[in-house]
Amino acid sequence: MEALIQKKSQKRTHTFVFWKHKLAFASVILLIIFVVTALFGNMISPYAPNTITGSFSAPPSVQHWLGTDQIGRDVLSRLIYGIKISLLVGVSVTVISSIIGIVIGLVAGFFGGKIDAALMGLTDMVMSFPYILLVLVAAAIFKPGLLSIILILGFVDWPGIARLVRGSVLSLRETNFIKADQLAGLPKTYILFSEILPNAIAPILIYATSVMAYSILDEAALSFLGMGIQPPTASLGNMLNGAENLTILTERLWLWLPPGIVIILLVLAINFIGDALRDSFDPNNHYK
Amino acid sequence: MRKYVLKKILFAIPILIGITIIDYLFMSYAGNPLQMIHGPKVSQAAVHAKEIEYGLNKPFYIQYLVWLNQILHGNFGYSYKSFQPVSDLIASHVGPTLLLMGSALFISIALSIPVAIYSATHQYSKGDYTIVTASFVGTSIPSFFSALVVIYLFTVKLGWLPSSGMSTLGENTQFGDVFRHLLLPVIVLVAATMGSNVRYIRSAMLEILQKDYLLNARAKGIGRFLVINKHALKNALIPIITVIGMQIPLLFGGTVIIEQIFSWPGLGLLTMTAVLNNDYPVIMGVCLLTAVVVLITNLLTDILYAAVDPTITFK
Amino acid sequence: MEHLLQIDHLDTTYTVHSEERILVHDVCLHLDKGETLCLVGESGSGKSLTMLSVLGLLKNNGRITSGSIRFENQELQNLSDRELDKIRGSKISMIFQDALTSLNPVFTVRNQIEEIIDAHLNLSRKAKKKKVIDLLNQVGLSDHELILKKYPHELSGGQRQRVLIAIALACHPKVLIADEPTTALDVTIQAEIMNLLDQLKRELNMALILITHDMGLVAQMADRVAVMYAGEIIEEANVNDIFLRPKHPYTKALLQSIPDIEHSKAKKIEPIKGRVPENYDQIKGCRFADRCAFRQPACTQNVQSLKKLQESQVRCQFAEQLLNGE
Amino acid sequence: MNDDTVLKIIKLNKVYKVQSASFFTKAVVHAVKDVSFMIKKGEILGLVGESGSGKTTIGKQIVGLGKPTSGTIQFRGKDILTFTPKEKRANRVKIQMIFQDAYSSLNPRKNIFDILEKPILVNHIASKRDAGVYIDHLLDLVGLPRSSKDKYPHEFSGGQRQRIGIARALSLKPELLVCDEPTSALDVSIQAQILNLLKEIRDELKLSMLFIGHGLGAVSYVSDRIAVMNQGRIVEIAESAELFRHPLHPYTKVLKEAIPIASPLIKSMKAEENARTQWDPNDASPLELVDQQTHHYVKSSILKGTGS
């Protein structure tokens, strides 16, 4: 029974399951919209994000669709800029932490022994520090800002990927095709990069989507706490910052609801795409 | 079993040392450890004298050992801001945090398990689909945003619940009052953690539902209830323990934000204040403490695994 | 005469990629008291699915789409899951291929044996204790206290399979379904387990359904044999007819493809060319046609049904011609 | 040194250290004990025994996927354990392996051409230009259509995958093939195809093979001689027809009796309850020649009647 199912072309399964996922489809569309918005932000946005263009805290109007903030900047323009920052942080952090994680995971898994023990010890250590706390400390020591946020998040987000890659390498190392490669005298580097790594890509990719989602959330949280992107630069997190003030919270919903909703949609889209990827890489998933 | 525990403890020691080294490095990067012990308002000459006394002219590793010795004696230094011993500050703030985290963790897990089991046993049904989608929505909402929303709804609009502090000012601390103050932050933390809990337990459960031993249990005719709640659930305890273990460091982080928004007088608030004031001794003290707590949690999780899974002692 | 278990025209459908696939088609089987029926076929031929259908143990995406399953004159399909639970494990028991994965790793042997007794029999503590010891004796496990305290991973492969058999026998079933119970075991242990099953079957006057792909086991164990191919029964007969007078070309080919130690050098084995078709439920005519050495144009056009030929039932329209030497 | 001896194994031992329940000590598993045998050119030696008897461990040591604790493995007269890296390169590829699980023995992300081409190029079997022709030839040899080249492993059935595994092993022009239960995961009708293929290849290429198996029918069908293993030791070796006709060692007898014969007229599959106590598992006596004609060897203790 199981064997019979697996015989079905995997490729078809991938696309089939992927597109069947209506939410994933909607998410892809949504993400494309966000990316386009971010890329062409300065063309789309009605005003410059940091310029005062209206009266203080004006409610939504024809000139300012989402109103203006406490010092008269256009909320929509700042929102568009914030999306750009969020995506920038998300992508950069994912790339940095993936590279670190993949290298550490590959080295640990392939060489094993003491190297493995040392690297995994390090991984455990980084994982033992409560995540936000570590970032806060780092943000307190280094000057907060876009670059430091990216670097800080990038350097604390890798342990998950490292563990994942190490696990894949360890299990792939035991497969017969890697043994056959060894018997055929293929070079070690070839086995590691051309045989093992491509087979570990799928779980890495899935995990990377969640890193991206988390890093966007973390940037927003840090900026919200005032330890992330510093004003006047707009970020979805620091736009929400003012809502700790009771007047803004109760009477100026346009100042905090839109950035909040945008963060949710952005992260949700990424999460759904990750879930769809997981489904599509696991052909058995739908028979459970 | 005892040997297994011993082994796990032995393996935890180097990690613990590593954590203190990282902590120490951060500390030295942030400032002179002497200042941290005595505060910045000490004269240059006195500092110099102390430097020799504490061996700060000695090699780095000796300095580290001196510092470690202090830590082991409970001396985490003094706050820059209030000049109180860091250990006292931590001691007075740890209770509220434990209360908040504990309630959130308990409720989150207690709700997640039945929801996840329902979802897994009704896979691809509408209910399952709704639960999974909701869990994704849950994990995608930043907790500070949901905090703002619940404050807006329950405090501002409905006026049902307080949104600040741990008790009403000027009144004697009473259980009911603390409970009312606790509700909103706990709701937010539960909402933030439940999504990933449900998905993790659900996928673990799905895997277990595929196992031959469940088919065999069904073939025994012992009834669906026992098959799920005895055979499947006992095996699912391991992933559930894992989830609890994973939640603790995450909750520590989550409480920083939540305590800040709800002015909950716990470690998170202490940390945030310290961060904003560059009060490094306090930050480092909290960091070290939480890292140790996380490590101990990991240790406990491992030990619990062995208690739940009879095959584990042989690994 | 009514049969103990009778399956008529059973179709079991699975939803695979939102496609409906009939994986078990038109299966008719019957089983009498005290008889051993072997269900033989290659992997994916639908043997296990047929038996899981009987017990209502199909996965969520599988269901019976037509046919009837009658046990002691009762239509099993009309029963609710709760009512079926009264039959499963008590009147019809099933044991599975891999004893290690079939036993729950986190419960002791005692717990797993007692649980089935608790579910079906109302025994006092003392009676239950005695029952458990009797069961262990029956399956040839001595050193009771030690075995009962153990977890499955602490037992050997043979011991685990014996425990599984003890569980299956606990409530004196009328039918025992054994799904490849020895494929994971060594040949010497297999012999022990098979002899045990055979002996218990006689002692308890049980009917045994043995699912296997090993023609050797079939020859040694069966009274009657049903050969399955691509979801259908293609031949059903008593064991002598199957081995000495096979009527379906697939059965013949299968017998010729088995190497055996008796005349290993003397005869060259003849493999069946090709492989089992993937989407066999889409095939209109005979499902074996494209691998068959005697294929006729009509084979792929006509729907083949199970027909009586001498003492056998055969799903091949040319079986009689083949029997008479063309 | 006889010229047509391809593989000679002398007193091979393999001891594994495994983590035991206690923390500070390591348990020791003696998987292979004093195993000696040889394989001639063009000969197929079958290796049978219960699981855990050390069959696969021997196979792994021969191909170099593990280092023996003691003993020598001579390939064409040279001890492969003392090879320099250069010698290794030149000689090791002459010993190839066919795995039990054909699916996991092929990289799922590469098509058949890529899977076959790389080892050929690395070992200079054919140039990049000639590789295509050579691969066609290999596919012909194992009975797969040439169009298989562009397909991926998941597009094949179990039997076809095993054919690809065989093609890959053959691509390096090996002189010895270690087949580790190559048919035990396959259906009966497919098993026969693979067994016949292996025999044909042997006849055509004059290859030597070590055929490890637990299906005794299959092993005796392909093998010229069979070695019977029990608890890490070889207890009996003989030509395959002879071995099961005149088994001498009690374990071989038990094994033979246990086989279910595919005929309802012959009652087989006997299992005596105390059969397993008829021999001493620690019997370290050497193998002794019983019959020159059939190359029948058995533990000397059995002949002297001291083995039981």
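Numbered from 1 within each chain, the chains take letters A, B, ... in sequence-line order.
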Contact class of [X] relative to chain A, heavy atoms under 4.5 angstrom:
X	answer
B:T139	both
B:L251	neither
B:V149	both

Query raised in the report: A:L257 versus chain B, heavy atoms under 4.5 Å apart: side chain, backbone, both or neither?
Result: both

Query - Which atoms of A:A213 approach chain B - backbone, side chain, both or neither, heavy atom under 4.5 Å - result: neither

**Report entry** B:R199 side chain reached by A:D275 side chain, heavy atoms, under 4.5 Å
**Finding:** no

Just how far is it from atom [atom1] of [X] to atom [atom2] of [Y], taken to the nearest 0.5 Å?
X	Y	atom1	atom2	value
A:F224	B:L148	CZ	CG	5.0 Å
B:S140	A:I264	OG	CD1	8.0 Å
B:I257	A:D218	CD1	CG	7.5 Å
A:L225	B:Q260	CG	CD	6.0 Å

Report task. Determine whether more than 12 heavy atoms belonging to other residues, nucleotides or ligands lie under 6.0 Å from atom CZ of A:F34. Result -> yes

Query raised in the report: Within a reach of under 6.0 Å around CZ of A:F155, are more than 12 heavy atoms found that belong to other residues, nucleotides or ligands?
Result: no

Query raised in the report: Given the rule in the side-chain contact (heavy atoms from CB on, under 4.5 Å) test, do B:L276 and A:M227 qualify, once you have shown the distances and angles that lead to the verdict?
Result: CA-CA 8 Å; B:L276 292 173; A:M227 302 307 294; 3.9 Å; yes

Report task. Specify whether B:Y152 and A:W256 have parallel, tilted or perpendicular ring planes, treating 30° as the upper limit for parallel and 60° as the lower limit for perpendicular. Result -> perpendicular

Requested in this report: Using a cut-off of under 4.5 Å on heavy-atom pairs, state which of B:L295, B:I248, B:I261 scores highest against chain A.
Outcome: B:I261

Query raised in the report: Considering all heavy atoms of both residues, which atom of A:L217 and which atom of B:F144 are nearest to each other, and what is their separation?
Result: O-CE2, 4.4 Å

